[in-house]
Amino acid sequence: MELLSGGDMLVRALQDEGVDLIFGYPGGSALHIYDAIFRQKKIKHVLVRHEQGATHAADGYARSTGKVGVVLVTSGPGATNAITGIATAYMDSIPMVVISGQVPSDKIGEDAFQETDMVGCSRPIVKHSFLVKNAEEIPAVVKKAFYIASTGRPGPVVIDIPKDVTNPADRFPYRFPEKLRMRSYTPAGKGHTGQIRKAIALLLSAKRPVIYAGGGVVQGEGSEQLTELAQLLNFPVTNTLMGLGAYPGTDRRFLGMLGMHGTFEANTAMHHADVILAVGARFDDRVTNTPGKFCPGAKIIHVDVDPASISKTIVADVPIVGTVKSVLGDMLDMLKASDDQPDQSAIVDWWRQIDDWRERHGIYAAPRYRTDGDMLMPQEVISAVHEITEGDAFVTSDVGQHQMFAAQYYRFNKPRRWINSGGLGTMGFGLPAALGVKIAHPDSDVVCVTGEGSIQMCIQELSTATQYHLPVKILCLNNQALGMVKQWQEMQYEGRLSHSVYEESLPDFVKLAEAYGHLGMKIQHRDELHGKLREAFAIKDRTVFIDVYVDPSEHVYPMQVMPNGSMRDMWLSKTERT
Amino acid sequence: MRRIVSVLMENEPGALSRVVGLFSQRGYNIESLTVAPTEDATLSRLTLVTIGDDHKIEQVTKNLNKLIDVVKLVDLTEGSHIERELLLVKVRATGAQRDEVKRSVDIFRGQIVDVTSNMYTVQVAGTSEKLDAFLQALGEHTIMEVVRSGVSGIARGEKVLSV
Ligand SMILES: Cc1cc2nc3c(=O)[nH]c(=O)nc-3n(C[C@H](O)[C@H](O)[C@H](O)COP(=O)(O)OP(=O)(O)OC[C@H]3O[C@@H](n4cnc5c(N)ncnc54)[C@H](O)[C@@H]3O)c2cc1C
Ligand SMILES: Cc1ncc(C[n+]2csc(CCOP(=O)(O)OP(=O)(O)O)c2C)c(N)n1
Ligand SMILES: [Mg+2]
């Protein structure tokens with residue numbers, strides 16, 4: 001059997017696991033591993049400019065491909081810099097493996113140079129973690145880590161490796177395990193047939209049904225089944241922020257996003273529903289508003305691979321533990337084989353009601369923002385990008401108003417096209433994530449929708465884009481403020497803008513982009529919007545930073561009334577309330 | 001409601017900290033926790049006592065089950081079960097008190113396991129309630145030090161928790 005050092009074993013095990021890309025940043029405790037990477041050809045390594053960037057890039061790669069994102073960092077500051085990105089992946093259930101160097105085993109606990117208890121620091125934000133004790137365990141640990149990260153409810157896994165374990169001087173026999181058996185981990189697969197039958201009966205009896213689908217449908221590759229089911233039943237569908245693209249956004253059955261900044265029709269339909277089919281969604285507080293007032297008349301069917309998601313905040317009447325793909329697949333098979341068929345006449349009134357809601361306040365029926373002022377509106381900018389990219393770009397986003405405008409106005413028709421941090425809401429996510437997406441999809445348009453606040457949190461990755469020639473578009477909706485914070489301050493703190501504005505301190509983003517070797521472009525007026533955007537999107541081989549000045553006074557609407565509001569209690573504009 | 005959850009988990013470093021971390025992270029209560037390896041050295045058996053309503057307990061067990069190191073668990077309080085806790089207590093005992101303490105120890109079927117001219121060290125095993133009662137019965141005699149092991153439990157009858 002071949003003898004390999006721990007460092008070589010790690011790299012070989014990654015290769016045997018099918019990894020071809022790592023995002024990372026070197027340092028003392030990881031140097032043996034970095035040397036092993038240098039001496040091979042199969043795995044490409046992307047040097048980021050900050051470890052947070054590595055985790056978000058790997059995350060964007062994972063979200064856009066369904067594969068596991070891989071990160072390599074050193075101990076101490078390298079490891080702690082990765083924490084935000086690990087937490088981001090954890091909250092959105094993204095498969096990721098983070099390998100961190102650690103100080104040598106005999107130094108652990110001595111406050112050694114660059115020592116941090118990485119397993120301890122990351123414990124609440126990982127699906128699992130390993131501290132490798134000796135080189136022989138590396139292949140099995142790698143195999144387990146990828147299996148755990150990518151199955152069941154996906155999530156990040158940390159492998160912490162003390163430096164002595166990767167020492168090139170110590171060699172051990174290498175064998176990559178073919179099979180894996182873990183008695184303590186059996187992810188759910190098929191749903192319970194009896195429960196599925198119950199669910200079908202409930203769905204067929206519904207007079208006011210809504211399908212509420214989330215990120216689990218995207219991550220679990222269940223879009224096809226979801227779409228077929230919704231069309232077979234002719235039921236309205238709403239998506240969470242994480243679920244956008246799971247159902248075609250321009251189909252007439254789609255009500256738009258639900259929740260805090262969901263559409264009037266989606267939130268109102270949810271409130272009045274008698275049967276809700278929740279799939280791969282976790283009844284987040286940004287969706288339910290006040291749990292005690294959530295959908296008072298609804299019977300709830302909840303399909304989720306993680307039993308702990310079911311009845312956590314909202315009690316399910318028909319819980320089904322299983323993967324979206326399998327459960328919806330079984331539902332479809334049973335429905336098609338059944339004598340009981342959907343009765344379209346039962347939901348005619350419901351559709352009439354929904355169409356009326358849409359007409360009255362829907363954001364897609366007519367523009368709900370003003371277009372007669374001097375300033376560009378963020379909504380029209382996103383709509384223009386949607387038009388120019390024919391709705392087919394990968395759109396990553398940062399966090400804030402711009403994120404909500406992108407979610408509302410870029411009407412995603414395919415899964416894995418909308419890539420944003422929902423659960424943690426991490427500013428700084430967008431640019432590195434876009435780079436991860438671009439590496440995976442070199443021939444597609446990749447747009448990072450950002451704000452002048454968020455972009456500055458990981459702006460250093462502009463340099464990574466230069467080094468690896470990753471031509472993405474950065475669309476900065478520049479409202480010269482931490483807009484989302486400002487909106488809350490205007491709505492809830494009588495307009496006291498405590499530290500949400502920068503007082504003329506913003507950099508010139510055009511020059512900044514140019515300093516990194518990219519193109520910069522500024523858009524300020526309506527009459528130049530389409531022309532300049534077209535120009536920018538026609539450039540395929542350069543990164544373009546498009547700094548778009550938008551109306552700083554604009555708020556995101558609808559916005560649910562908080563606290564103590566129900567789903568249907570919303571602000572529709574600065575002055576209109578439901 | 002007080003619940004006794006019995007957990008069989010991989011005897012791995014870090015496994016215990018994941019269990020304890022889960023409780024603090026999610027705001028669950030731990031009344032007591034005991035853990036030791038089983039006859040199979042690759043497995044540990046952990047018993048924890050927690051307090052919460054049905055909804056909370058359901059979340060506790062679901063989240064414990066989610067930990068990769070947890071192989072199996074059972075809520076012992078769902079069925080009939082045996083629970084035991086061990087108490088060691090040092091009691092000041094001089095003069096006439098010596099007999100009185102000894103009587104209480106006998107009533108509670110405890111044992112005096114160490115003696116000096118001024119004190120007894122007493123061992124009592126039983127349910128947590130019984131130990132509470134014993135400490136109360138010692139009453140005015142000065143209790144100098146108390147050590148309780150936390151609850152261990154096992155289901156009655158043929159039911160076993162094993163892999
Ligand atoms: C500024 C801001 C505003 C926001 N406003 C809104 C808003 O208005 N509306 C909104 O919806 N969100 C909003 N969010 C996002 C929100 O915080 C949550 O991240 C989001 O609602 C969660 O989406 P989800 O329910 O789809 O769950 P996810 O976090 O995507 O979780 C997926 C669920 O699916 C399950 N799952 C995973 N894989 C599978 C599988 N294969 N089979 C079955 N189940 C699976 C998981 O166990 C989990 O329960 C906002 C976030 C920010 C930062
Ligand atoms: C790392 C981090 N810090 C703070 C916040 C809180 N926060 C949410 S939105 C926001 C403002 C974002 O400003 P900008 O990127 O300019 O977007 P805008 O809302 O103006 O579109 C802040 C500070 C956060 N989500 N993430
Ligand atoms: Mg801003």
Side-chain angles (χ1 to χ4, degrees), chain A residues 87 90 93 105 108-109 117-134 137 140-141 144-145 147-149 151-160 162 180-188 282-283 291 304-316 319 321, chain B residues 1 3 5-28 30 33 35 37-46 48 50 52-75 78 160-163:
Chain A
Y90 180 73
S93 309
S105 311
I108 289 179
D117 173 8
M118 180 55 169
V119 167
C121 281
S122 62
R123 200 210 65 237
I125 48 163
V126 293
K127 185 168 173 188
H128 196 57
S129 50
F130 297 91
L131 175 62
V132 179
K133 290 287 168 57
N134 50 61
E137 346 166 3
V141 164
K144 278 186 194 167
Y147 176 62
I148 292 169
T151 51
R153 179 177 186 166
V157 175
V158 162
I159 308 177
D160 198 33
L180 197 70
R181 214 190 67 86
M182 290 183 67
R183 61 181 170 186
S184 63
Y185 177 64
T186 21
R282 58 187 174 81
F283 294 84
D304 203 293
V305 74
D306 176 7
S309 273
I310 296 178
S311 298
K312 178 174 60 180
T313 55
I314 301 291
V315 175
V321 178
Chain B
M1 259 278 269
R3 301 297 187 113
V5 183
S6 212
V7 182
L8 209 53
M9 62 184 193
E10 298 290 352
N11 185 8
E12 296 271 355
L16 180 60
S17 76
R18 277 188 245 275
V19 171
V20 176
L22 174 70
F23 276 71
S24 62
Q25 180 187 347
R26 297 206 180 257
Y28 307 145
I30 301 186
L33 182 152
V35 60
T38 64
E39 83 289 358
D40 171 354
T42 66
L43 289 169
S44 292
R45 175 80 173 240
L46 181 146
L48 56 84
T50 176
D53 56 22
D54 286 352
H55 176 251
K56 196 75 170 221
I57 299 300
E58 187 179 315
Q59 280 298 311
V60 168
T61 52
K62 281 176 170 178
N63 278 297
L64 278 171
N65 256 321
K66 242 171 99 168
L67 293 177
I68 306 292
D69 291 325
V70 169
V71 183
K72 266 188 185 170
L73 64 81
V74 57
D75 177 353
E78 272 181 353
V160 290
L161 181 63
S162 65
V163 286

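Letters A, B, ... are given to chains in the order of the sequence lines, protein chains preceding strands, and every chain is numbered from 1.
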Exercise. Applying salt bridge (Lys or Arg N to Asp or Glu O under 4.0 Å), name anything that partners B:Asp75, two or more places apart in sequence or on another chain.
Key: B:Arg3

Quiz prompt | Per-residue contacts, residues 151-160 of chain A versus chain B, heavy atoms under 4.5 Å | solution = A:Arg153

Quiz prompt | CG-CG distance between B:Asn11 and B:Asp40, expressed to the nearest 0.5 angstrom | solution = 9.0 Å

Quiz item: Are B:Arg45 and B:Ser6 close enough that a side-chain donor and a side-chain acceptor fall under 3.5 Å?
Solution: yes

Quiz item: Highest number of heavy-atom pairs under 4.5 Å with chain B: which of A:Ser184, A:Ser311, A:Pro307?
Solution: A:Ser184

Quiz item: For A:Leu131, is it the side chain, the backbone, both, or neither that has a heavy atom closer than 4.5 Å to a heavy atom of chain B?
Solution: neither

Practice problem: Could you tell me whether B:Lys66 and A:Asp306 have a side-chain N and a carboxylate O separated by less than 4.0 Å? | Solution: yes

Practice problem: Look only at the side chain of B:Gln59 and the backbone of B:Lys56, and say whether a donor-acceptor pair between them is shorter than 3.5 Å. | Solution: no

Self-check item: Minimum side-chain heavy-atom gap B:Thr42-A:Arg183 below 4.5 Å
Solution: yes

Quiz item: For A:Lys133, is it the side chain, the backbone, both, or neither that has a heavy atom closer than 4.5 Å to a heavy atom of chain B?
Solution: side chain

Self-check item: Selection from B:Lys72, B:Glu12, B:His55 maximising heavy-atom pairs under 4.5 Å formed with chain A
Solution: B:His55

Practice problem: Please identify each residue that fulfils salt bridge (Lys or Arg N to Asp or Glu O under 4.0 Å) with B:Lys62, with sequence neighbours left out. | Solution: B:Glu58

Exercise. Kindly write out the residues that satisfy salt bridge (Lys or Arg N to Asp or Glu O under 4.0 Å) with B:Asp69, not counting sequence neighbours, or none if the list is empty.
Key: B:Arg18

